[in-house]
Amino acid sequence: MMKVLLAQPRGFCAGVIRAIDIVDRALDKVGAPVFVRHEIVHNRHVVETLRAKGAVFVEELSDVPDGAVTVFSAHGVAREVEKAAAARGLPVIDATCPLVTKVHVQGRKYVRRGRVLVLIGHAGHPEVVGTLGQIEGEVHLVGTPEEVAALPVAEDAPVSYITQTTLAVDDTRAIIAALRARFADVTGPDTADICYATQNRQAAVRDLCAQADLLLVVGSSKSSNSRRLREIGEEMGKPSYLLDDGSELDPAWLDGVRTVGLTAGASAPEELVQSVIAAIAALHPVTVETLDGIEETLQFRLPPALDRLPSRNRAAA
Ligand code: SF4
């Protein structure tokens with residue numbers, strides 16, 4: 001009998017639930033199409049489900065027709081994008097996760113105080129692009145301790161940092177330590193900008209890997225927090241794979257395995273976790289257990305702009 005151990009917590013976080021809910025409610029209210037700038041969250045299944053309901057995903061605002069209801073993704077957008085949408089009078093619903101917005105606010109505060117701002121994050125990730133574009137003035141992006149060493153900033157300059165929300169906690173600590181070692185005056189939020197969901201899922205995957213022979217992470221390859229979960233499994237010496245759903249399970253991964261550790265990134269729906277369990281069960285008899293872990297209760301309020309959308313039902317009445 002093969003055992004499947006499920007991480008707790010795993011899967012959807014409050015920011016992802018809110019973002020998907022925003023697109024769903026906008027579609028209910030105004031009908032299709034609703035335009036979404038960038039994938040609402042980095043999960044193919046979520047995107048396809050919303051697309052089937054009438055969401056249209058575009059990369060650039062210029063691809064949104066005049067007057068169309070437009071949703072900004074959970075990752076956030078640069079000020080330029082907000083301004084361009086406002087200039088065109090587009091009805092915008094901002095699904096930026098409130099924890100990403102909090103980082104923007106914090107970054108602006110540091111710059112206002114005249115501090116040199118460092119953003120710890122992965123170049124090119126949409127959240128990082130958005131955060132860089134939300135803060136007026138220079139922001140230095142670093143992704144490694146080596147990049148801290150190369151920063152063109154004087155050692156006695158007042159330095160503050162903010163971080164991407166979905167980083168690996170340990171890697172971020174190392175970068176913060178490098179900042180503190182190089183600069184005399186460094187302030188920042190410890191690793192607190194890494195959001196609660198990322199931290200909880202990373203802690204849970206460590207517990208999981210202590211008991212499992214193999215780690216499977218349900219999530220898309222674009223999903224930063226999912227990729228970090230897989231890396232933790234690898235660091236802990238377990239064969240670790242990222243898969244979109246049960247159809248991507250390679251039976252060879254299960255050779256010689258008695259306990260499969262299974263988790264999901266913050267943008268992966270639980271039904272995909274269940275599809276992986278079903279795929280394993282189709283090959284081997286399984287028992288399924290969930291590890292003890294934190295029960296998350298955080299919920300975010302929906303943006304008031306949703307209420308201001310014209311209702312198609314009212315229009316028809
Ligand atoms: Fe928000 Fe964290 Fe979820 Fe990203 S992973 S949407 S920051 S709660």
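Just so it is clear, the structure is predicted and the values come from calculations on it, not from any experiment. One-based numbering, in listed order, for ligands and for the atoms of each. Any value given below was found using the heavy atoms of this structure, including those in side chains, with hydrogens, waters and symmetry copies removed.
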Original post:
Within the distance-only criterion (no hydrogens, no angle test), does the side chain of Arg180 pair as donor or acceptor with the backbone N or O of Val186 below 3.5 angstrom?
Top reply: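 Checked: pair present.
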
**OP:** Go through ligand 1 atom by atom and flag the ones less than 4.0 Å from a non-hydrogen atom of Tyr196.
**Re:**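 What qualifies from ligand 1 is 8 (S).
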
**OP:** Could you walk me through whether Glu48 and Arg44 pass salt bridge (Lys or Arg N to Asp or Glu O under 4.0 Å), step by step?
**Re:** CA-CA 6 Å; Glu48 280 168 11; Arg44 187 163 57 82; 3.6 Å; yes

**OP:** Determine, stepwise, if the pair Lys3 / Asp213 fulfils salt bridge (Lys or Arg N to Asp or Glu O under 4.0 Å).
**Re:** CA-CA 10 Å; Lys3 191 198 274 188; Asp213 308 310; over 6 Å; no

Subject >> pair Leu254-His284: side-chain heavy atoms closer than 4.5 Å >> reply: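 Yes, their side chains come closer than 4.5 Å.
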
Subject >> Note, Thr290 side chain near Arg10 side chain (heavy atom, < 4.5 Å) >> reply: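 In short, these two side chains touch, coming nearer than 4.5 Å.
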
Original post:
Of Glu295, Glu296, Arg201, which is the lone residue that meets side chain to side chain contact (heavy atoms under 4.5 Å, CB included) with Gln8?
Top reply: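 The single option meeting the side chain to side chain contact (heavy atoms under 4.5 Å, CB included) with Gln8 is Glu295.
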
Original post:
With a cut-off of 2.8 Å, which protein N/O/S atoms are close to atom 1 (Fe) of ligand 1, if we only count those under it?
Top reply: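 Protein N, O or S atoms closer than 2.8 Å to atom 1 (Fe) of ligand 1: Cys97 SG.
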
